[in-house]
Amino acid sequence: MIAAAKKRGAHRDAATSMQIQVGIITISDRASAGDYDDLGGPALKQVAQKIGWHVLAEAIVPDEIARIQETIRSFARQGCGLVLTTGGTGIASRDVTPEAIRAMMRVELPGFGEVMRAESMKITPNAILSRNLAAIVDQALVIALPGKPSGAVECLSFVQGAIPHGVALAQGTPTSC
């Protein structure tokens with residue numbers, strides 16, 4: 001019994017102490033065209049580094065399904081176990097991030113979006129319009145966050161605790177479950 005408990009603890013420790021390689025994608029027509037500075041990507045990078053994650057790749061792409069998908073797949077191939085996107089989760093006609101991710105995902109993780117919306121509703125009633133989500137694409141956990149830098153950082157903080165385990169599962173690392 002004690003050996004089994006130690007074994008479970010070792011698996012849990014492996015998932016929570018693993019070095020997470022992160023890719024950050026800002027999805028914005030205007031930022032990709034240089035019409036304004038990207039603020040969401042740098043805000044997420046700062047938080048990721050503060051947590052102790054390694055930011056391996058960054059990109060700014062327009063609100064185009066093919067470009068979003070190409071960048072996510074590229075980051076996953078480069079070894080990013082976590083891909084954070086910021087932007088394109090609203091209801092404007094060019095907001096296509098959820099559609100891009102859903103078209104390529106292996107499985108959606110609805111709890112991430114549910115928690116992000118529920119916690120964000122405590123801050124703004126407009127959170128109900130957000131289409132944040134998380135999914136497994138290839139061997140990466142992909143999380144679609146809002147485009148507003150403060151919203152992206154807040155939403156990441158709401159789900160941060162589940163990320164190491166989600167990345168471990170996506171990458172096939174042994175875990176406690």
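The basis for the numbers below is simple: all heavy atoms, side chains too, and nothing from hydrogens, waters or symmetry mates. Nothing here was measured: the structure is a model prediction, and the numbers come from that model.
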Heavy atoms only: give me the nearest A144-T85 pair and the separation to one decimal. CA-OG1, 3.1 Å
In the hydrophobic cluster built from side-chain contacts under 4.5 Å, what are the other members alongside I60? none
Heavy atoms only: give me the nearest A170-I136 pair and the separation to one decimal. CB-CD1, 3.7 Å
Tell me, which pairs form a side chain to side chain donor-acceptor pair (under 3.5 Å) where one or both residues lie in residues 50-62, sequence neighbours left out? Q21-H54, K45-E58
Do other residues, nucleotides or ligands put more than 12 heavy atoms under 6.0 Å from the CD atom of Q46? no
With distance as the sole test, does S120 use its side chain to make a donor-acceptor pair with the main-chain N or O of M116 at under 3.5 Å? yes
Nearest-0.5 Å distance, CD of residue E70 to CZ of residue R67: 6.5 Å
Taking all non-hydrogen atoms of both residues, which atom of M121 and which atom of I128 are closest, and how far apart? SD-N, 3.4 Å
Find the distance between CG (D138) and SG (C80) and round it off to the nearest 0.5 Å. 11.5 Å
Above 12 or not: heavy atoms from other molecules or residues under 6.0 Å from CZ of R94? yes
Stepwise, does the side-chain contact (heavy atoms from CB on, under 4.5 Å) test hold for D95 with T89? CA-CA 6 Å; D95 290 335; T89 60; over 6 Å; no
If Ile, Leu, Val, Met, Phe, Trp and Tyr residues are connected whenever their side-chain heavy atoms lie under 4.5 Å apart, and connections chain through other members, are L39 and I24 in the same group? no
What are the two closest heavy atoms between T86 and G41, and how far apart are they? CG2-N, 3.9 Å
Note: with side-chain heavy atoms under 4.5 Å as the link, the other cluster members for M105 come out as I25, I27, V61, I65, I68, I72, F75, V83, V96, I101, M104, L133, V137, V142
Cluster link L145 to I91, ILVMFWY, side chain under 4.5 Å: no
In short, G40 meets T26 closest at the heavy-atom pair C-OG1, 4.5 Å
Check for me, please, whether F112 and I51 land in the same ILVMFWY cluster - side-chain distances under 4.5 Å, paths through other members count. yes
Which ILVMFWY residues are connected to Y36, directly or by a chain of links, through side-chain heavy atoms under 4.5 Å apart? none
S130 side chain to R117 main-chain N or O, any donor-acceptor pair under 3.5 Å? no
Only counting residues at least two apart or in another chain, list the ones meeting salt bridge (charged side-chain N to carboxylate O under 4.0 Å, His left out) with E99. R131
So, for V55 and A48, which heavy atoms are closest and what is the spacing to 0.1 Å? CG2-CB, 4.0 Å
Got a list of side-chain donor-acceptor pairs under 3.5 Å for residues 146-160, not counting sequence neighbours?
from : atom 1 : to   : atom 2 : distance (Å)
S157 : OG     : E154 : O      : 2.6

